[in-house]
Amino acid sequence: MSGMSSLAFFIFAGAALAFSVMTVLRKNPVSSAFSLVMVFFCFAGIYALLGAHLVAALQILVYAGAIMVLFVFVIMLLSSDTPSLDFKRTPPWFKAAAALVVAGLFVVMTHVFRGQAPASAPGPFTPEAIAAAGGNTRVLSELMFSEYILPFELTSVLLLAGIVGAVAIAKRHTKKETPHVASSR
Amino acid sequence: MSLPVVEPWLVLSFCSLIFLVGLFGLMVRKNILIILMSIELMLNAVNLTFVTFSRQLSDMGGQMSVFFIITVAAAESAVGLGLVISLYRTLRSVDTDEIQMLRD
């Protein structure tokens with residue numbers, strides 16, 4: 001990965017790691033949510049370092065914008081911004097087992113990633129080719145509306161289903177005594 | 001400055017670290033809002049893996065996958081938080097230990 005500033009990567013990676021641990025371990029859901037926002041910003045920085053500019057912009061717009069607003073809104077709506085000591089009730093042996101599993105998986109994953117064979121046939125989108133074709137956003141957009149047009153359109157159906165499902169689930173279910181049903185009897 | 005060069009495996013190991021932090025939160029926490037946040041953390045780690053492989057293999061398919069994963073994550077959190085609101089209305093709690101209506 002030549003051309004990637006290692007100092008910037010280590011700053012972003014360290015901050016993302018610290019804030020993700022805070023997200024998981026903080027007592028107050030609001031401070032968890034704001035740590036998660038910081039994780040999303042650090043990830044956007046790493047995407048930009050990797051040359052994925054459109055993904056970095058989407059990360060900030062969709063994750064740090066839309067999804068986190070939804071989270072904070074629900075936390076405030078439920079007024080559950082009081083400290084919760086829920087992980088104190090998890091048995092210590094379970095916490096130790098979870099930490100052990102996670103550490104073991106980390107060792108395995110690092111070993112696999114470190115020993116992976118180099119790609120036999122790299123694709124055509126080298127950084128130079130992308131720069132010559134007009135930049136990351138242009139290349140990705142052209143692919144989105146040509147090769148990936150069917151999944152792109154199906155995404156809109158998925159979002160519509162998500163909206164309808166969220167409203168149907170969160171809606172207050174009125175009983176049969178509603179005026180409309182009563183008058184139709 | 002004697003920082004090591006950022007190799008692909010280093011970024012991928014960082015991804016797995018964030019993913020496993022999310023997995024740990026998923027296993028240990030009982031607050032359903034924190035559990036949803038842990039799931040977002042894991043989805044983000046996978047997204048970064050896709051972008052790293054996209055860069056390493058010079059293929060834009062990885063970044064397209066990230067676009068679709070972000071969309072699915074947005075829909076998932078909308079439906080998930082709707083479920084949380086519905087749960088809170090029924091139980092007055094966001095604790096997964098309280099969900100035992102089938103046992104009673």
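Values below: all heavy atoms of this structure, side chains included; hydrogens, waters and symmetry mates excluded. Throughout, protein chains are lettered first and strands after them, A, B, ... in sequence-line order, and every chain is numbered starting at 1.
- Most heavy-atom pairs under 4.5 Å with chain B, from the set A:L159, A:T110, A:L140, A:L58: that is A:L140.
- Proximity to chain A involves both the backbone and the side chain of B:L36, based on heavy atoms less than 4.5 angstrom apart.
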Could you pull out all donor-acceptor pairs under 3.5 Å where a side-chain atom in residues 60-70 of chain B meets a protein atom, sequence neighbours excluded?
residue: B:Q63; atom: OE1; partner: A:N136; partner atom: ND2; Å: 3.0
residue: B:Q63; atom: NE2; partner: B:S54; partner atom: OG; Å: 3.4
residue: B:S65; atom: OG; partner: B:G61; partner atom: O; Å: 2.9

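- At a 4.5 Å heavy-atom cutoff, the contact between B:D95 and chain A is made by side-chain atoms alone.
- A distance of 11.0 Å separates CG of A:L78 from CD1 of B:I32, quoted to the nearest 0.5 Å.
- Both the backbone and the side chain of B:S16 come within contact range of chain A, each with at least one heavy atom under 4.5 Å from a heavy atom of that chain.
- Contacts of A:A16 with chain B are made by both backbone and side-chain atoms, with heavy-atom separations under 4.5 Å.
- Comparing B:L12, B:V79, B:D59 by heavy-atom pairs within less than 4.5 Å of chain A, the highest count is held by B:L12.
- The minimum heavy-atom distance linking A:P29 with B:I34 is given by the pair CA-CD1, 4.2 Å.
- Contact of A:V39 with chain B is made through the side chain alone, with heavy-atom distances under 4.5 Å.
- Within the 4.5 angstrom heavy-atom criterion, atoms from both the backbone and the side chain of B:N47 approach chain A.
- With a threshold of 4.5 angstrom between heavy atoms, A:F94 approaches chain B through side-chain atoms but not through N, CA, C or O.
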